[in-house]
Amino acid sequence: MPVGTRAAVKAVDSDDLIAVGAEIVLANTYHLMLRPGSDLIAELGGLHEFMSWDGPILTDSGGFQIFSLQPEITEQAAVFSSIYDGARVELTPEEAVEIQEQLGADIAMVLDVCVGLPAPREEVETQMRRTLRWAERSLSAHSRTDQSQFGIVQGGTDLDLRSESARRTAELGFDGIAVGGLSVGEPAEERNAALEAAVAELPEDKPRYVMGLGDTVGLLDAIRRGADMFDCVIPTRLARHGRALTRTGDFNINRVEFTNDPSPLDSECRCPTCRRYSRAYLRHLVRMNELSAHRLLTIHNLTYVLDLVSGAREAIESGALDEHIAKVSSQRGNGST
RNA sequence: GUGGCCGUAGCUCAGUCUGGUAGAGCACCUGGUUGUGGUCCAGGAUGUCGCGGGUUCAAGUCCCGUCGGUCACC
């Protein structure tokens with residue numbers, strides 16, 4: 001899922017998203033409740049109508065903002081000071097449900113408490129249990145039958161906590177289950193172990209969504225462990241910072257060596273950017289801070305990630321996932337990200 | 001022509017008074033960024049201190065000359 005926090009995937013529009021093959025986009029409850037407000041979006045026909053996106057939309061609850069903006073957390077609610085005007089903003093699990101129903105998301109996430117790592121086990125456990133209690137409140141508050149609701153597993157990198165969180169979240173009967181609180185500072189091995197512990201307790205017939213994960217290696221690690229859905233700002237943010245994701249490894253298009261390079265970012269890429277523009281031209285746009293650089297690189301990076309996961313999906317269907325992952329890895333060499 | 005001011009990193013300049021290991025910002029070169037503020041962060045390279053001479057243990061700094069730029073006056 002490309003990330004469109006404020007009902008917009010930065011630098012591109014709905015036509016671009018269709019062109020890259022996006023099937024669903026993510027938007028954010030916390031940001032939209034502040035600007036422009038969920039009442040306004042509801043009045044204008046809901047999020048799909050508002051942003052002119054016909055495909056599915058998943059709204060994140062604001063749980064990640066509890067992590068990134070560090071509000072005061074009580075059993076009742078998270079209390080933010082607005083990033084726009086500093087006003088005191090209270091968000092309860094019930095309000096997060098209500099706002100997402102107003103927005104008209106196809107998939108709504110429960111409000112969870114994401115803990116940055118490393119963290120003391122006690123803190124991780126406290127917030128994991130709070131997330132479970134909030135999950136029950138969210139289920140009770142949920143009323144739209146045309147909207148799916150996903151619970152979120154927490155528990156840091158503690159395998160027992162992950163396992164318990166996953167089992168109890170699954171028992172609540174959500175339409176899908178997310179694994180949250182990963183890619184927040186922990187080593188990859190610990191993340192993979194935590195994911196395995198969670199997945200082991202999750203039903204096979206419901207979507208498993210790893211929140212916030214999006215680097216190539218991390219995606220493949222998670223797919224191999226049974227994850228089905230992802231969102232991440234990596235492809236879009238890195239695009240705006242001049243970094244291109246490619247089959248043969250990632251690189252910053254700013255680098256001197258691309259000054260006179262007539263080849264596309266990725267010779268195997270189907271995207272409009274690669275079919276039309278050279279590395280030399282894109283480097284020029286980035287260096288001159290031209291607005292089109294953001295759009296063209298975003299289109300490419302989104303295409304890369306979407307093709308990466310659709311390739312994995314096809315490999316799963318043909319029973320050849322391991323071979324597929326080995327091939328992707330060897331082609332990338334040591335390419336980072 | 002006379003007088004003033006200026007000449008230091010690719011750019012804009014500090015350092016000159018009071019001599020003591022040549023600096024900053026920007027630009028440039030790498031790397032980082034995970035349920036988004038387009039940022040930010042961390043490293044790195046960079047000098048005929050206009051040129052020549054003198055004084056001094058030591059000169060970007062003081063003295064003399066010279067070249068270039070600029071302004072004012074004639």
Side-chain angles (χ1 to χ4, degrees), chain A residues 1-12 24-32 34-35 57-69 78 82-84 96 100 105 107-117 131 150-154 176-188 191 195 208-222 227 229-243 245 249-259 283 285-298 301-302 305 334-337:
Chain A
M1 293 180 282
V3 175
T5 301
R6 298 190 283 199
V9 177
K10 293 181 190 298
V12 297
I24 173 172
V25 298
L26 178 147
N28 186 277
T29 301
Y30 169 80
H31 288 278
L32 292 175
L34 297 178
R35 297 283 191 284
I57 297 173
L58 178 148
T59 44
D60 188 20
S61 58
F64 191 70
Q65 283 61 47
I66 290 177
F67 160 62
S68 60
L69 303 176
S82 165
I83 55 171
Y84 297 103
Q100 292 178 85
I107 301 173
M109 303 303 299
V110 300
L111 188 65
D112 64 328
V113 186
C114 177
V115 179
L117 299 174
T131 296
F150 282 20
I152 303 177
V153 176
Q154 286 291 338
I177 311 285
V179 178
L182 293 179
S183 301
V184 287
E186 77 285 2
R191 180 182 71 211
L195 179 58
R208 301 153 174 175
Y209 161 27
V210 179
M211 306 189 77
L213 180 65
D215 64 286
T216 297
V217 174
L219 285 172
L220 295 176
D221 282 348
M229 297 173 60
F230 308 92
D231 75 280
C232 194
V233 304
I234 275 184
T236 46
R237 174 183 293 163
L238 292 186
R240 295 193 305 280
H241 296 172
R243 195 169 181 84
L245 312 178
D250 310 328
F251 54 82
N252 194 325
I253 191 63
N254 254 308
R255 279 169 19 195
V256 193
E257 64 192 275
F258 303 121
T259 305
R283 174 176 190 267
L285 295 180
V286 167
R287 295 175 75 82
M288 294 300 102
N289 205 18
E290 287 290 339
L291 298 179
S292 61
H294 292 328
R295 173 168 174 264
L296 295 176
L297 281 171
T298 297
N301 281 355
L302 284 176
V305 174
N334 292 322
S336 58
T337 309

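In what follows, every chain begins at residue 1, and chains take the letters A, B, ... in the order their sequences are listed.
As rounded to whole Å, 14 Å separates atom P of U33(B) from atom CZ of F67(A). In this structure, CG of L195(A) is placed 14 Å from C1' of U34(B), rounded to the nearest angstrom. Note: OH (Y209(A)) to C1' (U34(B)) measures 11 Å, nearest angstrom. For N254(A) and G31(B), the CG to P distance is 10 Å, given to the nearest whole Å. In this structure, the CZ atom of R255(A) is 14 Å from the C1' atom of G32(B), given to the nearest Å. In this entry the distance linking CG of D221(A) with P of U34(B) reads 17 Å, nearest Å. Nucleotide G35(B) holds its P atom 18 Å from the CD1 atom of I107(A), rounded to whole Å. Between the CG atom of L238(A) and the P atom of U34(B) there is a distance of 9 Å, rounded to whole Å.
Rounded to the nearest 0.5 Å, atoms CG (D60(A)) and CE (M211(A)) are 4.0 Å apart.
Across all strands shown, U33(B) has no partner, as no Watson-Crick or G-U wobble contact with both distances under 3.5 Å is found. Pairing for G1(B) is with C73(B), a Watson-Crick or G-U wobble pair whose two hydrogen-bonding atom distances lie under 3.5 Å. The base-pairing partner of C26(B), taking Watson-Crick or G-U wobble contacts with both distances under 3.5 Å, is G10(B). Remark: U18(B) base-pairs with no nucleotide in the shown strands. Criterion, Watson-Crick or G-U wobble with two distances under 3.5 Å. The partner of G65(B), taking Watson-Crick or G-U wobble pairs whose two distances both stay under 3.5 Å, is C51(B).
Side-chain atoms of N301(A) do not come within 3.5 Å of backbone N or O of I234(A) as any donor-acceptor pair. Formation of a donor-acceptor pair under 3.5 Å by the E186(A) side chain with backbone atoms of V184(A) is found in this model. Looking only at distances, a side-chain donor or acceptor of N28(A) sits under 3.5 Å from a matching main-chain atom of Y30(A). Between the side chain of D231(A) and the backbone N or O of M1(A) there is no donor-acceptor pair closer than 3.5 Å.
Taking all atoms of both residues into account, the shortest heavy-atom contact from S183(A) to G212(A) is CB-O, 4.3 Å. Minimum interatomic distance between I152(A) and M109(A) (heavy atoms only, all atoms of both residues): CG1-CE, 3.7 Å. Of all non-hydrogen atoms in N254(A) and V286(A), the two that sit nearest each other are ND2-CG1, 3.5 Å.
Of the P atoms belonging to G3(B) and C64(B), the separation is 13 Å, rounded to the nearest Å. Nucleotides A45(B) and U55(B) have their C1' atoms positioned 37 Å apart, rounded to a whole Å. Of the P atoms belonging to C28(B) and C63(B), the separation is 40 Å, rounded to the nearest Å. Taking atom P on both U61(B) and G20(B), the two are 11 Å apart, rounded to the nearest angstrom. Rounded to whole Å, the C1' atom of U56(B) lies 9 Å from the corresponding atom of G19(B). Separating the C1' atom of C6(B) from that of G15(B) is a span of 15 Å, rounded to the nearest Å. Nucleotides G1(B) and U66(B) are separated by 12 Å at their P atoms, to the nearest Å. Separation of the C1' atoms belonging to G60(B) and G50(B) is 12 Å when rounded to the nearest angstrom.
Under 4.0 angstrom from either OP1 or OP2 of G31(B) there lies no side-chain N or O belonging to R243(A).
Checking Q154(A) against T131(A) by side-chain atom types alone, no donor-acceptor pair falls below 3.5 Å. A donor-acceptor pair shorter than 3.5 Å cannot be found between the side chains of R240(A) and T298(A).
Taking the six-membered ring for Trp and thresholds of 30 and 60 degrees, F251(A) and F258(A) have ring planes inclined between 30 and 60 degrees apart.
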For nucleotides 26-28 of chain B, print each protein N/O atom paired with a nucleotide N/O atom at under 3.5 Å, atom names and distance only.
residue	atom	partner	partner atom	Å
C28(B)	O3'	R287(A)	NH2	3.4

Pairs under 3.5 angstrom, nitrogen or oxygen only, protein versus nucleotides 36-39 of chain B, please.
residue	atom	partner	partner atom	Å
U36(B)	OP1	Q65(A)	NE2	2.7
U36(B)	OP2	N28(A)	ND2	3.3
U36(B)	O4'	R237(A)	NH2	3.3
U36(B)	O2	R240(A)	NH2	2.5
U36(B)	N3	R240(A)	NH1	3.1
U36(B)	N3	R240(A)	NH2	2.9
U36(B)	O4	T236(A)	OG1	2.3
U36(B)	O4	R240(A)	NH1	3.4
G38(B)	OP1	R240(A)	NH2	3.0
G38(B)	O4'	R240(A)	NE	3.4
U39(B)	O4	H241(A)	ND1	3.4

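Projected onto RNA chain B by closest heavy-atom contact, S61(A) and E257(A) fall at different nucleotides, the more 5' of which corresponds to E257(A).
Nucleic acid contact for Q100(A): none, since no nucleic acid atom lies under 4.0 Å from a heavy atom of the residue. Within the nucleic acid shown, G181(A) comes within 4.0 Å of at least one base atom, counting heavy atoms only.
Judged by distance alone with a 3.5 Å cut-off, no donor-acceptor contact links the side chain of N252(A) to the base of G31(B).
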